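Read through the structure below, which is laid out as structure tokens, and then see the notes.
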There are 2 protein chains.
Amino acid sequence: MQSEINKKLEAKQIKPTPMRQLVLNLLLQEPSALSLRELEEKFDKVDKSTIYRTLQTFQAHYLIHAIEDGSGSLRYAVCEENCTCEPHHLHFHFLCLKCQHTYCLHDYPIQIPQLPEKYQVISANFVIKGICPNCKA
Amino acid sequence: MQSEINKKLEAKQIKPTPMRQLVLNLLLQEPSALSLRELEEKFDKVDKSTIYRTLQTFQAHYLIHAIEDGSGSLRYAVCEENCTCEPHHLHFHFLCLKCQHTYCLHDYPIQIPQLPEKYQVISANFVIKGICPNCKA
DNA sequence: GAAATGTCTGCAACCCGGTTGCAAAGTCAG
DNA sequence: CTGACTTTGCAACCGGGTTGCAGACATTTC
Ligand SMILES: [Mn+2]
Ligand SMILES: [Mn+2]
Ligand SMILES: [Zn+2]
Ligand SMILES: [Zn+2]
């Protein structure tokens, strides 16, 4: 699986340093999107800014996307295979107000309404909030 | 128009203090949603926390809604007449990446996809990003 | 009207996520 | 091995949001 990780990194032209392997590995394992803080806690002993820059690099290469779920911190999740983070590749996200986890709803692509001509759409962020299946009694 | 303002406040059971009149007035005048910081700057000499608490009060009474546009600060805009901020009352928002203004797209109500039964939907925040008509050359 | 009660405001300080400058450590080609 | 470049760790900073507390203000009660 190490090679699996490296493959993904190299596919996006990212040099596979140990740090990057670890971060990507964590993001792939987790079912929900992770915040910088959460990543930091997962491996006690790595600096915040290093993880931060790793995430920046990943984003710049469309390996992960950041989710603005309004919880106060950004969450990160691995992009799907050929994602370029353009509007037609985006999906809904779900923030659970109970467990505070944010999930990618990959099966629910977003649809942006037809706005008046003079609006130029570049990106979007659609978040649904509520109680997730795990938390629903 | 003072009485106009007071009417709106009292309609939502908010005691009309001078501070609240001023803040509501500003929010009504502005075509785009305002951040705490922007409000603060508009009247030099009022404390941030006072405005902050005013906004909290307004929100609690469904007079305004907060918009998480991912710009780093929350933006606030006056709700429409009978808004209760429930999902079926919500609309899209548009963040201009050039002027950084955020607009309520009142004519574009959001539609939340039918999620698997076990998801309980409580709220939503749909933001479209791009270039606004004013900024489009 | 004066005192007592409750609400609103200003100030200062804090918390926390995100970001940056800089120097040390690591990588790699020549 | 040497020098050029990249990655990492540390420390400090910034800015939005939030809170405790005390003084100002308004409202009620006597
Ligand atoms: Mn996602
Ligand atoms: Mn709005
Ligand atoms: Zn949950
Ligand atoms: Zn604009």
Side-chain angles (χ1 to χ4, degrees), chain A residues 5-6 9-10 12-27 32-61 63-77 95 100-102 125 127, chain B residues 5-6 9-10 12-26 33-61 63-77 95 100-102 125 127:
Chain A
I5 300 276
N6 283 351
L9 286 171
E10 279 157 6
K12 304 272 179 166
Q13 331 258 24
I14 303 168
K15 198 195 315 180
T17 73
M19 193 66 250
R20 290 170 181 173
Q21 292 167 340
L22 289 170
V23 171
L24 178 54
N25 188 42
L26 281 180
L27 288 174
S32 66
L34 292 173
S35 67
L36 176 55
R37 161 73 79 103
E38 285 163 343
L39 283 167
E40 201 184 350
E41 283 165 356
K42 289 204 182 266
F43 28 41
D44 227 69
K45 189 54 197 162
V46 176
D47 191 71
K48 187 170 60 150
S49 64
T50 301
I51 303 175
Y52 172 73
R53 285 190 265 236
T54 300
L55 293 170
Q56 295 300 115
T57 302
F58 284 4
Q59 277 185 92
H61 290 75
L63 176 57
I64 65 173
H65 58 283
I67 305 153
E68 294 154 0
D69 63 8
S71 68
S73 49
L74 290 170
R75 305 295 177 84
Y76 303 89
L95 166 65
Q100 291 290 337
H101 286 12
T102 292
N125 182 56
V127 178
Chain B
I5 300 276
N6 284 351
L9 286 171
E10 279 157 5
K12 304 272 180 165
Q13 331 258 24
I14 302 168
K15 200 197 312 182
T17 72
M19 193 65 251
R20 290 169 182 173
Q21 293 168 340
L22 289 169
V23 172
L24 177 54
N25 188 42
L26 281 180
L34 292 174
S35 67
L36 176 55
R37 161 72 81 105
E38 284 162 341
L39 283 167
E40 201 184 351
E41 282 166 356
K42 289 205 182 265
F43 28 40
D44 226 69
K45 190 53 197 161
V46 176
D47 191 71
K48 187 171 58 151
S49 64
T50 301
I51 303 175
Y52 172 73
R53 286 190 264 236
T54 300
L55 294 169
Q56 295 300 112
T57 302
F58 284 3
Q59 278 185 93
H61 290 76
L63 176 58
I64 65 173
H65 58 283
I67 304 152
E68 294 154 359
D69 63 7
S71 69
S73 49
L74 290 170
R75 304 294 178 84
Y76 303 89
L95 166 65
Q100 291 290 337
H101 286 13
T102 293
N125 182 55
V127 178

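Within every chain, numbering begins at 1; the chains are lettered A, B, ... in the order of the sequence lines, protein sequences first and strands thereafter. Note that the structure is a prediction, hence the values are computed from the model and not measured. As a basis for the values below, the full set of heavy atoms in this structure was taken, side chains included, without hydrogen atoms, waters or symmetry mates.
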Q: Under the side chain to side chain contact (heavy atoms under 4.5 Å, CB included) rule, what do Lys12(A) and Phe58(A) come out as? Steps first, then yes or no, please.
A: CA-CA 9 Å; Lys12(A) 304 272 179 166; Phe58(A) 284 4; over 6 Å; no
Q: Decide side chain to side chain contact (heavy atoms under 4.5 Å, CB included) for Leu9(B) and Leu24(B); before the verdict, give the C-alpha distance in whole Å, the side-chain angles of both, and the deciding distance to 0.1 Å.
A: CA-CA 8 Å; Leu9(B) 286 171; Leu24(B) 177 54; 3.8 Å; yes
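In this structure, Leu9(B) atom CG and dC8(C) atom P are separated by 12 Å, rounded to whole Å. In this structure, Leu55(A) atom CG and dT20(C) atom C1' are separated by 16 Å, rounded to whole Å. Taking atom CG of residue Leu22(A) and atom P of nucleotide dG9(D), one finds them 10 Å apart after rounding to whole Å. Gln21(A) places its CD atom 11 Å from the P atom of dT27(C), with the value rounded to the nearest Å. Atoms NZ (Lys15(A)) and C1' (dA29(C)) sit 12 Å apart, rounded to a whole Å. dT18(D) atom P lies 16 Å from atom CZ of Arg37(B), rounded to whole Å. Across the protein-nucleic acid pair, Leu39(B) atom CG and dG15(D) atom P stand 18 Å apart, rounded to whole Å.
Closest heavy-atom contact between Arg75(A) and Ala33(A): CB-CB, 3.5 Å.
Taking a 4.0 Å limit (strictly below) on heavy-atom distances, residues 67-74 of chain A reaches DNA chain C at Gly72(A), Ser73(A), Leu74(A). For the contact set between residues 40-52 of chain B and DNA chain D, defined by any heavy atom under 4.0 Å, the members are Lys48(B), Ser49(B), Tyr52(B).
Contacts of Arg20(A) with the nucleic acid, taken as non-hydrogen atoms under 4.0 Å apart, involve only primed sugar atoms and P, OP1 or OP2.
Nearest nucleotide to the side chain of Met19(A), out of dC16(C), dT8(D), dC8(C): dT8(D). Nearest to the side chain of Gln56(A), among dT19(C), dT8(D), dT9(C), sits dT19(C).
Salt bridge annotation for Glu38(B)-Lys42(B): absent, with no cationic side-chain nitrogen under 4.0 angstrom from a carboxylate oxygen.
With hydrogens and angles ignored, the 3.5 Å screen pairs a side-chain donor or acceptor of His65(B) with a backbone N or O of Ala77(B). Side chain of Asp69(A) to backbone of Leu95(A): no donor-acceptor contact under 3.5 angstrom is found.
Partner of Asn6(B) under the side chain to side chain donor-acceptor pair (under 3.5 Å) criterion, chosen from Gln21(B), Lys15(B), Arg20(B): Gln21(B).
Between the side chain of Arg75(B) and the base of dG16(D), no donor-acceptor pair of N or O atoms lies under 3.5 Å. Residue-to-nucleotide contacts include a donor-acceptor pair under 3.5 Å from the side chain of Arg53(B) to the base of dG10(C).
With a 4.5 Å cut-off on side-chain heavy atoms, Leu74(B) and Leu36(B) do not count as touching. Between Leu55(A) and Tyr76(A) there is a side-chain heavy-atom pair separated by less than 4.5 Å.
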